Amino acid sequence: MCAFRHNEGDHLSHENTIKKTKRFNHDKVMKYFLMAVASATVVIIFFIILFIFVNGASAIRDIGIWNFLTGFEWRPSTDTYGAMPLITGTALVTIGAIMFALPLGLGSAIFISEVAPKRLRNVLKPMCEVFAGIPSVVYGFFGMIFLIPLLRGFFPDHLLFGTSWLAGSIILGIMALPTIISVSEDAMRAVPRSYREASMAMGATKWETTRRVVVPAAISGIAAATILGIGRAIGETMAVMMVTGNTPIVPEPLWNIFEMLRTITATLALEMPEVVSGSVHYSALFLLALVLMVMVLAINYTAKMIIKRSRKKFGETISKKSLLDKVTEHEKVAKHTKMFSKMSILACLFAASFFISSMFVGAVISLIVAVLATMVFVSLMYTDKVAFKMGRSLMLTALFISAYMASSLFLDASASVLVSFIVVTAALISIPLAKRLLAKTKEKIAHFVLLSIVAVVLMILIVIVYDIVSKGLPALSLNFLFGYPEDGGLGGGIFPAIVGTIQLVVGTMMIAFPLGIISGIYLAEYSKDTRYTRIIREAIDILNGTPSVVFGLFGMAALVIYLGVGYALIAGCITLAFMVLPVIIRTTEEAILAVPKELREASLALGASKWETTTKVVIPAAFGGVVTGLILSLGRAAGETAPIMFTAAVVFRSSVSLSLLDPVMALPYHLFFLAWEVPGSETMQYGTALVLLLMVLFMFALASLVRHRYSKSIKW
Amino acid sequence: MDIVGFNLWYGEKQALFDVGMNVRKNKITALIGPSGCGKSTLIRCMNRMNDLIDGCRVEGSMFFQGQDIYGKDTDVMALRKRIGMIFQKPNPFPMSIRDNITYGPRIHGITKQSELDEIMERSLKQAALWDEVHDRLEQSALSLSGGQQQRLCIARTLSINPEVILMDEPTSALDPIATAKIEDLAISLEKDYTVVIVTHNMQQAARISDYTGFMYMGKMIEFDDTEKIFNKPSEDLTERYITGRFG
């Protein structure tokens with residue numbers, strides 16, 4: 001038909017039929033192949049739960065679930081297994097962590113999202129991501145070597161050893177920061193610009209807009225961020241084990257933050273290596289893991305529900321019919337969440353002020369101080385409401401009483417009354433003054449507070465990194481990098497640990513990449529919203545929420561013991577691969593979904609099959625995002641300790657072996673071993689921590705470089 | 001191409017009602033009508049692009065050279081090779097200009113480099129883009145301007161030598177000068193290809209098409225020679241739309 005040859009062999013000549021041609025259509029076959037691979041996740045999570053449950057079942061029979069959950073004594077030496085102190089330990093240390101992390105995280109998120117100019121934000125966000133990149137064992141090491149002596153210096157009367165609930169909560173709080181910051185920042189940025197403009201157009205200051213429009217609109221996202229932070233803290237093992245002292249008791253009194261305690265995760269990590277397989281103790285540990293799984297899953301599920309609802313709020317796809325119902329429902333949800341978060345903030349505040357003052361003064365006065373602090377806060381919260389009046393009179397009364405009690409410590413009764421009157425009058429005068437503070441001044445104060453919060457967060461990061469780098473650098477030498485450990489870890493090098501970590505990462509990569517990428521492709525391109533797809537997604541979510549120590553437990557029970565592999569590289573790789581699988585699946589899926597559908601249409605309209613379109617157009621276009629996810633997951637695998645400590649890692653290897661069935665040394669486990677069992681090896685510890693940190697942060701930097709380059713070169 | 005009694009549903013909602021029309025070989029057929037009238041839906045049915053939408057269901061028949069497009073034994077990929085499509089927004093692949101054009105031929109089994117080069121040059125010349133890009137074929141297609149990108153997409157469709165080219169509002173995202181070039185291109189394609197074009201712009205339909213169909217609320221109100229539709233339409237509704245009294 002044109003200046004184009006079409007002889008018989010020419011594929012482009014028109015056949016006189018549109019019936020099935022010879023060209024093989026891969027689509028059906030590929031679809032089932034991909035689906036089969038994606039089902040691996042379901043199988044994995046099924047086996048994890050199965051193994052934990054089967055192994056834990058005999059403990060239910062021997063101990064009884066009720067005795068197990070409510071018993072106050074955990075003493076394996078006498079076969080007494082009451083998980084109560086461990087459960088309370090986990091709960092307390094997590095609550096403390098959130099009380100520490102929430103103000104810092106939320107303040108930073110508000111600053112980054114609302115206050116910081118774009119350039120500053122582009123610096124701050126990646127810096128907050130560094131927090132997420134530091135391996136758990138490095139946090140634990142930092143806690144042991146830096147934080148604990150520091151705390152002991154602050155509270156010499158209260159802390160005999162320094163290891164305590166307080167130390168655990170601080171370290172866990174730091175670890176929960178990146179989750180809280182990034183999730184709540186995302187929630188605030190998702191608030192439509194028009195909301196802010198509407199508020200500003202009415203003459204509100206930026207701070208008023210933030211406080212009254214942006215934060216309330218993003219409140220469910222912020223709640224979800226908090227819950228996810230809690231989930232992260234509960235499942236944490238190494239760091240918390242290294243700083244809490246690991247005494248299985250309930251603090252006495254319950255709010256004594258200087259008491260040592262022990263979490264579920266720490267118990268698993270401490271006792272698992274020593275336990276006899278098949279004993280009651282062994283089974284009890286699995287039952288404990290089951291309790292932990294249930295706790296974490298419940299928390300993550302709550303967060304998921306909240307995020308789902310908040311997404312709907314700003315979604316465009318609300319049909320008109322149900323719009324009204326949905327709006328009222330959302331308002332209800334928002335109201336409940338708001339009230340809940342207010343109550344929890346108040347509770348936190350009350351508890352915090354009580355704890356702090358109880359360090360210095362007696363219980364009664366601390367109680368008064370706590371009530372007072374809470375009241376001040378309440379009155380600040382309701383400054384413009386009717387409740388304010390009531391709050392004010394209550395507050396004045398409380399102020400009077402506390403002023404009286406405080407001064408009666410030093411003065412006699414009549415003088416105290418006088419002093420309290422003066423205090424109350426001063427307060428009465430100053431309240432309206434404070435109310436009349438100009439909106440602009442308020443904004444300045446608020447921004448200053450936010451800025452100082454960010455400064456504190458950055459300080460923490462800088463102190464951690466600076467401490468490790470400055471003390472680790474002198475340890476680095478050729479002998480350190482390429483030598484074998486000597487004197488039980490006191491000297492020599494860490495060569496086998498470096499090689500072992502690389503072996504673990506490469507092995508993990510070879511198992512997790514194909515599974516993860518194929519599952520991601522299936523979910524993004526081929527799956528429809530069927531029941532089976534939902535099951536796969538649910539399995540991925542569960543796998544994602546599973547604490548790393550549970551993976552270690554599973555690896556030990558299933559691979560090391562049941563299959564009889566023993567401590568081996570392959571067991572560690574499989575365990576780590578299961579752990580990073582959900583991360584890879586998710587990032588792959590997201591990167592593929594970000595490819596505009598126009599490109600798919602263009603390819604299909606040219607007569608390409610779905611499989612050709614996917615492999616030749618969609619995946620190349622999503623390449624940057626996929627690679628970023630892969631590198632991030634490797635960084636995570638390299639830094640993890642708990643999954644390898646019962647499956648692959650040993651404290652010493654005299655040679656480097658390439659066999660899959662030999663155990664290996666690994667950097668994170670080596671660091672844990674040195675810090676935990678080899679006193680006097682500080683230089684070696686710092687050196688190991690630095691090498692590990694550099695390795696992990698290098699991967700994170702690489703990932704963000706890839707992401708940056710691809711986002712620049714491809715614009716849709 | 002003959003369309004007879006064609007109905008389409010998106011889930012519960014019916015989007016096309018008993019549509020009938022025929023598309024003549026080597027002519028330009030335009031579809032006009034207000035937004036949401038179903039003209040894009042109809043054109044996307046002609047090479048079964050609507051298969052991609054969940055919950056989409058059709059009834060009635062569409063015949064292409066005597067064979068039912070929606071027949072059971074139709075090979076959709078072979079069909080799309082013969083009935084190509086240009087979309088509203090230019091959608092080049094994020095690859096080089098060369099790879100964009102050779103993508104289709106490669107998919108359909110051509111591997112010889114000389115042959116691919118030949119196809120590329122022919123397609124780009126047909127799409128009146130050769131002179132502008134022949135010295136930078138290795139550059140990313142995304143570096144082209146919007147109008148150039150759309151002509152590249154036309155060249156890409158021409159590369160697999162289809163018989164029918166469907167154009168779904170191909171100029172709605174372009175400026176007037178780029179639009180004029182695409183229109184000229186459409187007219188020049190007429191002698192070798194059959195063109196179906198959906199457009200918002202009535203002048204465009206009047207300028208370039210031989211036949212015009214006017215659609216409203218999912219129904220084909222009137223289908224006739226373009227001359228007749230624009231000068232003395234038989235339906236009152238068509239006249240009101242043409243003269244700008246609604247829509």
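Reminder, nothing fancy here: chain letters follow the sequence lines and each chain counts from 1. Both backbone and side-chain heavy atoms feed into the values below; hydrogens, waters and symmetry mates do not. The shown structure was predicted, so the numbers you read here are calculated from the model rather than taken from an experiment.
Counting heavy-atom neighbours within 6.0 Å of A/F698 CZ, excluding the residue itself, gives a total of 12 or less. For A/F623, the CZ atom counts as loosely surrounded, since its 6.0 Å shell holds 12 or fewer non-hydrogen atoms of other residues, nucleotides or ligands. Heavy-atom contacts from other residues, nucleotides or ligands closer than 6.0 Å to OH of A/Y301 number 12 or fewer.
Checked for salt-bridge contact, A/E612 and B/R106 miss the test: no charged N lies under 4.0 Å from a carboxylate O.
Annotation for A/L606 and B/I160: closest pair O-CD1, 3.3 Å, computed over non-hydrogen atoms. Closest of all the heavy-atom pairs between B/M49 and A/E601 is CE-O, 3.4 Å. Residues B/I107 and A/G607 approach most closely at CG2-O, 4.3 Å, considering heavy atoms. In this structure, B/Y103 and A/T613 approach most closely via the heavy-atom pair OH-CA, 3.8 Å.
Annotation: side chain of B/M77 is not in contact with side chain of A/L604 (no heavy-atom distance under 4.5 Å). Residues B/P94 and A/L599 form a side-chain contact, since some pair of their non-hydrogen atoms from C-beta on lies under 4.5 Å apart.
In this view, B/W130 and B/H134 satisfy the ring-ring contact (aromatic ring centres under 6.0 Å, His included) rule, not counting sequence neighbours.
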In residues 83-91 of chain B, what donor-acceptor pairs under 3.5 Å come from side-chain atoms, sequence neighbours left out?
from	atom 1	to	atom 2	distance (Å)
B/N91	OD1	B/R156	NH2	3.1
B/N91	ND2	A/E598	O	2.8

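Of the possible polar contacts, none joining the B/H108 side chain to the A/A608 backbone as a donor-acceptor pair under 3.5 Å is found.
The part of A/K528 that comes within reach of chain B is its side chain, from C-beta onward, which places non-hydrogen atoms under 4.5 angstrom from that chain.
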